[in-house]
**Q** 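Mind looking over this structure? Questions follow.
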Amino acid sequence: MGKIKVVSFDLEGTLVTPDFSQAVWHEVIPSLYARKMGISHQDATAAVIKQYNDVGDRRIEWYDIRYWFNRFGLDNYQKVLSSCSQRVCYYPEVAGVLSSLYGTFRLVVATGSTREFLQYLLRDIEHYFERAFSSISDSKQLKTPSFYLGICEAMSIAPEEMAHIGDSWQFDFLAPREAGVMAFHLARNNMEVRVGSLKSLLEFQAKLLEIV
Ligand SMILES: [Mg+2]
């Protein structure tokens, strides 16, 4: 097995819980839309979610808060993000795992979240990471094999010298694996378990320490 030099983490669902994004997309945006359109919060929520689903997470617009503010005719997304900042929450094992891997590996974040979100989502853990790569903001793409190859190039390593973990089977397992990266699927939720899925970052940490 190749020697791993860089360890890459997905962000949302892997290091940080969905709470912040949930508050932005499913609470504050619907309430602003309700006020703008003069409709009930319930109707606004249904309308907004329908539009999110019509676009879907295979299109880069889905991740882009500026696109949605424009589409819904809303102003000042910065204020909305800032108003939700207290909702940023990390999974319980995250600080321990990052501090134990830090120093042994070079750590990076490889996320589909945009830069507008990163300043909030990384707030308490940013110091562990050498770099954070946003597929949407930096290279206008989803987390494709070429996104992962670009990270390896930026870090001056071969793909087999990188390990990546994340909670999306497509974006965090199949795509990096196709690029030659050693990928691990994280299934915190029992519903998403596949053969070989890991249940927490503690299992990932144990795997990494086995192979170095
Ligand atoms: Mg994720």
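When a ligand or atom number is given, it counts from 1 through the structure's own listing order. Keep in mind that what you see is a predicted model, and the values were worked out from it rather than measured.
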**Q** In terms of side-chain geometry, is the basic nitrogen of Arg87 or Glu27 positioned less than 4.0 Å from the acidic oxygen of its partner?
**A** yes
**Q** Is there a donor-acceptor pair closer than 3.5 Å between any side-chain N or O of Glu126 and the backbone N or O of Leu122?
**A** no
**Q** Can you tell me if, anywhere in Asp172, an N/O/S atom lies at a distance from the Mg ion (ligand 1) that is smaller than 2.8 Å?
**A** no
**Q** Can a donor-acceptor pair be found, under 3.5 Å and without considering hydrogens, that links the side chain of Trp68 to the backbone of Glu61?
**A** yes
**Q** With rounding to 10 degrees, what does the angle Glu12:O / the Mg ion (ligand 1) / Asp167:OD1 come to?
**A** 100°
**Q** Asp172 vs Asp167, test: side-chain contact (heavy atoms from CB on, under 4.5 Å). Steps then yes/no.
**A** CA-CA 6 Å; Asp172 297 305; Asp167 66 317; 3.9 Å; yes
**Q** Have a look at Asp10 and say which of its N, O or S atoms is nearest the Mg ion (ligand 1).
**A** OD2
